[in-house]
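On a predicted model such as this, the values are computed, not experimentally measured, just so you know. We name chains A, B, ... by the order of the sequence lines, and we start the count at 1 in each one. Below, each value reflects all heavy atoms present in this structure, side chains not excepted, and no hydrogens, waters or symmetry copies.
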2 protein chains.
Amino acid sequence: MNTLAEENYLKSIYHLSLNAESVSTNQLAALLSTSAASVTDMLKKLADKQLINYARYQGVSLTPAGEKIALHIIRKHRLWEFFLVEKLDFKWDEVHEMAEEMEHISSTELIDRLDKFMGYPKYDPHGDPIPDSKGNFKVHELKPVSMVAVNECGIISGVRDHSPAFLQYLEKQQLTIGKKIQVAEIIEYDHSMILQAGNNRIHISREVANNLLIAV
Amino acid sequence: MNTLAEENYLKSIYHLSLNAESVSTNQLAALLSTSAASVTDMLKKLADKQLINYARYQGVSLTPAGEKIALHIIRKHRLWEFFLVEKLDFKWDEVHEMAEEMEHISSTELIDRLDKFMGYPKYDPHGDPIPDSKGNFKVHELKPVSMVAVNECGIISGVRDHSPAFLQYLEKQQLTIGKKIQVAEIIEYDHSMILQAGNNRIHISREVANNLLIAV
DNA sequence: TAAAAAATTTAGACTTGTCTAAAAAATATT
DNA sequence: AATATTTTTTAGACAAGTCTAAATTTTTTA
C-alpha cells in the first residue's frame, strides 16, 4: 500500500489535472502547503513506483495505475461526506476536513458496504460525482450560473468553490443542491444577477454566479 | 494532538494496565511488535508530555491525562466496531483491523454523533464496554465459564480472547453474546465442560471455557 | 537573442519512529 | 553474597518526509 503522503499527492495531482494536461511542481506545492523542493522529492518517489509520468522540469500526469488509486481515494472521500451529511446530520460545509482523514481508511470491503448501506449515491453533498467501485462515474454537464442567459432555468447541481464560507453563504440564500432557479435579470454594470427561486428573488454577485453550477 | 504511534502506545499501556499496576517495557514491545529499545524511546517522549509516569527500569503507568486520551481512543474503536457490525453487517471477527484504523479519526463531534446515530450502545460486539463521551463506562461483573459450577446459569457477555479464530469458533458453536447457557456437566479428567444452550448441548475445552465470559 | 525573472531541482540538514549491538541495571540463582 | 541471567537503556544508524539555501533550467521580456 501507499503512505498517507503519497495518497495525498496522487489525489492532488488528479484534481489539478482536471484543469490542465500537466501539473506543475509549484501548483502542487501551493495546494499541499509545502515547499517545491519537497514536491520534487515526492515526485521522484511516485515516478519510481510508476504512478506518475514525470520528467525533470516537465510537470507530471498520472499513469493509469496512479489514476486508479486517486479515484479510489476520491470515492472514499465522497462516500464518507455523503455519510456524514445524510446519516449524521452534518452540514455540507462541515464535512470536508473529516472526510480528509476518513478517505485513508484502507478497507475496500468497508467502503463497498458503506456504499450499499447508503443506497449507492451518485453525487456527494456538494454535487461532485462519486466513482463506483470500478472507478467509473458520470460527470453531468454543468455550467456556471454566470454563463446562463436571462430567463433560462436550471437545477443547482454543483459548486466550484468548496470553502465553508461560500457553502454557508449559499445555504443562507437557500441556494442548495437540487433547487430549481431561473435567471430573472442580469445587471450589466457589475454582471451581478437576480435569480428567481420559487417565490424568492435572490441577488448574487458575479463571483458567486461564477462558482455556482447548474444543469440545464 | 498526538501522533498515531503515541496513540497506539497509550492504548496499549491502558490495556496492559488492566492486569497489573505497572507495565513493563518488554510487555509493550511484545504487544506492539517492536523492539524494547523503541519502546524506551517512546516512553521518554510520552513522559515529557506528562501522559505517563515513567522512571528508568521501573515500568510505566498512565497519568490522568494519558488515561483520558486512551479511553477516548478505546471509545472510538468500540463505537466503530459497533457501527461495522450493526450497520454494515460485518461479523464480529472481521471488524478489529478496520476499527484499528478508524479509532484515529480525530473529530470528537463526529464520534459523538455516531454514538447518537446508533442509540448510545453500552457494549461493543465482543461485549466490551464503550466509554461515554466523558470516559465513563460500567464494567459488568463477568467471570470465565471455567469458574462456573455445575447447574449454574448465565448470559454470555464477553470474551478474553479477541482473535478471529476464537470468535469464529464461538459463532459456529452458536456461543454468541447475549445467549443464555447452563453448565450441564464438568469432565474432571480434562476440565472440559458441557453447556446447555436451549436444546443444544455443547462440549467445550478448558481453554475455551477460560476465554468465554458470562454474567451470572 | 541575451539578460532577467521565475520555476524547478539538488544539496545538506532535521524530526519521527524505528532498528541492532553494546552497556548498564535489576533480578534470580547457586 | 557473588555470579549468572534477564530486562532495560544507551549509542549510533537508517528511512520517510519535510525544510532552507544554492544551483540549474526554463520562460519571459526588453
inquiry  = Among residues at least two apart in sequence or on other chains, which ones pass salt bridge (Lys or Arg N to Asp or Glu O under 4.0 Å) with A:E97?
reply    = none
query = What side chain to side chain donor-acceptor pair (under 3.5 Å) pairs are there with at least one residue in residues 133-142 of chain A, not counting sequence neighbours?
reply = A:Y123-A:H140
key: Those residues that, when tested against A:H15, pass ring-ring contact (aromatic ring centres under 6.0 Å, His included) (two or more places apart)   = none
Runs of at least three Watson-Crick or G-U pairs with DNA chain D, cut-off 3.5 Å = C:1-30 with D:1-30
query = Ignoring hydrogens and geometry, is there a side-chain-to-backbone donor-acceptor pair from A:R113 to B:L88 under 3.5 Å?
reply = yes
request  = Please work out which residues in residues 35-54 of chain A have a non-hydrogen atom less than 4.0 Å from an atom of DNA chain D and list them by number.
outcome  = A:S35, A:A37, A:S38, A:D41, A:K45
key: Pairwise side-chain contact, B:L71 with B:F137, heavy-atom cut-off 4.5 Å (strictly under)   = yes
For nucleotides 23-27 of chain C, give me every protein contact, N/O to N/O, under 3.5 Å, one pair per line with atom names.
| residue | atom | partner | partner atom | Å |
| --- | --- | --- | --- | --- |
| C:dA25 | O4' | B:Y57 | OH | 3.4 |

request  = Spell out, as yes or no, whether a donor-acceptor pair under 3.5 Å connects the side chain of A:Q168 to the backbone of A:A165.
outcome  = no
task = Please determine which of A:L142, A:L170, A:L213 meets the side-chain contact (heavy atoms from CB on, under 4.5 Å) test together with A:V159.
result = A:L170
task = Tell me which residues in residues 21-32 of chain B put a heavy atom below 4.0 Å from DNA chain C, sorted by number, or none.
result = none
query = Quick one: is A:Y9 getting a side-chain N or O under 4.0 Å of the D:dT18 phosphate, OP1 or OP2?
reply = yes
task = Answer yes or no: is there a donor N or O on one side and an acceptor on the other, between the side chain of A:E94 and the main chain of A:K91, under 3.5 Å?
result = yes
Of all pairs that satisfy salt bridge (charged side-chain N to carboxylate O under 4.0 Å, His left out), the ones with a partner from residues 65-76 of chain B, not counting sequence neighbours = B:R75-B:D112, B:R75-B:D115
Just distance, no hydrogens or angles: give the donor-acceptor pairs under 3.5 Å from side chains in residues 32-40 of chain B, sequence neighbours left out.
| residue | atom | partner | partner atom | Å |
| --- | --- | --- | --- | --- |
| B:S35 | OG | B:S38 | N | 3.1 |
| B:S35 | OG | B:S38 | OG | 2.9 |
| B:T40 | OG1 | B:A36 | O | 3.2 |

note = Sequence neighbours excluded, the answer for ring-ring contact (aromatic ring centres under 6.0 Å, His included) partners of B:Y9 is none
Protein-nucleotide distance (B:N8, atom CG; C:dT16, atom C1'), rounded to Å = 15 Å
inquiry  = The criterion is ring-ring contact (aromatic ring centres under 6.0 Å, His included); which residues satisfy it with A:H162, sequence neighbours excluded?
reply    = A:H126
key: Residue pairs passing the ring-ring contact (aromatic ring centres under 6.0 Å, His included) test where at least one lies in residues 95-121 of chain A, sequence neighbours excluded   = A:H77-A:H96
